[in-house]
Amino acid sequence: MSKKEIIKNGENVSIDNDNIIVLNNVSVAEKEEKQEEKQEEPVAAASEEPKAEIASNDNVSDPQTNEEQQEPEVSAELPKDATPEPQIDVPAIDIPALDSTAIPTDVNAQMPAPSIDMPGVTTPEPQISNPFNTGLDNYPQNNFASDNSQNNFATDNFQNNFATDFNIPNQLNNNPMYAQDNNAFATDFSNLNGASNIGGNNSVFKTESDVDKAFNDFIKDVSESYSERISDPTKALVTFINKFVKWGDEVTKNGLNRGLFDEYDRLMDELNSIKSYNEFNTDDNVYNENKSLTNFGDEEENNNYGGMVA
Amino acid sequence: MVTASNIGSGKKVNVGQSFASGMSALQTTQKEKFVIVDESGTKKDAERLSLFKLKDNDKTYIVYTFNEVDENDMIKLYVAILNDKDGVYSLENITDSDEWTKVKDAMRKIAKDGQQVLNEKED
């Protein structure tokens, strides 16, 4: 029987010489209905009133439909601006009006960014762009993950598709600071570039100039490295080849003589010096190592909590 | 319904779309929907991509997803041990690295076989 037929019949599929059995006779969704039936039975036996409730719920045994029924009620309670989350009650927190005179100079210490979308509160446009420009655009994007999309599964060229998650952890809160009076912050941000309070090496927040500088340094390193390892050796090799060709032409034209012999020795010395440089590069494995940018590093581990045993 | 210590229990891996389709191709019910409930009672809908057992350790593993796709079009999968006790399914994290290596190998083989089945279907 072919695998297709086995799958169609709902039977288990054995692969890898029966070392792996793909289970088709087990359903994780079915037990849910049985569990709910078990739960409903003792409730029905307890009193008459729950019977009426259960009878009305007889047609609703699927928890998914229960949630669907509940969702409209929950969403009706939520304000329009908020994202509907039936399972989470959005707390109503009043934000006190900020007193500009009471705002401390050390913003980091006193004013944590809020982490909850406040329903019904209009978000003021951030008037200070520099330290609170928390968009991810300021960060040089990690382009390694762009190769992941090409790493599709193919039968002829099977590749390991486990890839690391390159999502840049969004430690930054996109919610702007709530500031009633932005003038209060003006003096704090007068020396932003290189300021240690807001930016700095250890701070999450970076100024645009810090990012630009880092990027420029990176580009400079890359171009220097390219010059040193590729373009300069290539130029040297091309120069040598030209010289050697000229030497060959001389030999062809005039035959070998003492001068051409000496020039040959010089050319060989030059070639050896070029070769040793390239071998050094090879030993570095900078270009020869088959580093796939989609290589499968450590997967995220969700081991913060121990497994639950029923 | 499957209980777990928290929503998204298990090892997380990002895989390509074709890998995920290959994995689910060997299941009669592809992408079976089920509900995960954590300790606090929070429920979340999930889709089962694959359910398989390893002969080595006689453990059953479930590969599921919440259909989360990242910016590179990779699907985030969760792989956990599926325990069945007194009719209640629960998820357990894979903590042993050797075990995890075996599970990953199994997933690759399942995806490969599944892809062959899909190719046969297309033919």
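Below, read A as the first sequence line, B as the second, and so on, with proteins coming before strands; counting in each chain starts at 1.
The side-chain contact (heavy atoms from CB on, under 4.5 Å) with A:V28 is formed by just one residue from the set B:D84, B:I62, B:V35; it is B:I62. Among A:I7, A:N12, A:L23, A:I6, the single residue meeting the side-chain contact (heavy atoms from CB on, under 4.5 Å) criterion with B:L26 is A:I7. Of the residues listed (B:K112, B:K109, B:K55), the one engaging A:D16 in a side-chain hydrogen bond (donor to acceptor under 3.5 Å, both in side chains) is B:K109, and it is the only one.
Heavy-atom distances place the side chain of B:T60, and not its backbone, under 4.5 Å from chain A.
At least one side-chain heavy atom of B:L54 sits less than 4.5 Å from a side-chain heavy atom of A:I20.
Ranked by heavy-atom pairs under 4.5 Å with chain A, the list B:L82, B:D56, B:I110, B:L51 is led by B:L51.
Across all non-hydrogen atoms, the minimal contact from B:R48 to A:V26 is NH1-O, 2.9 Å.
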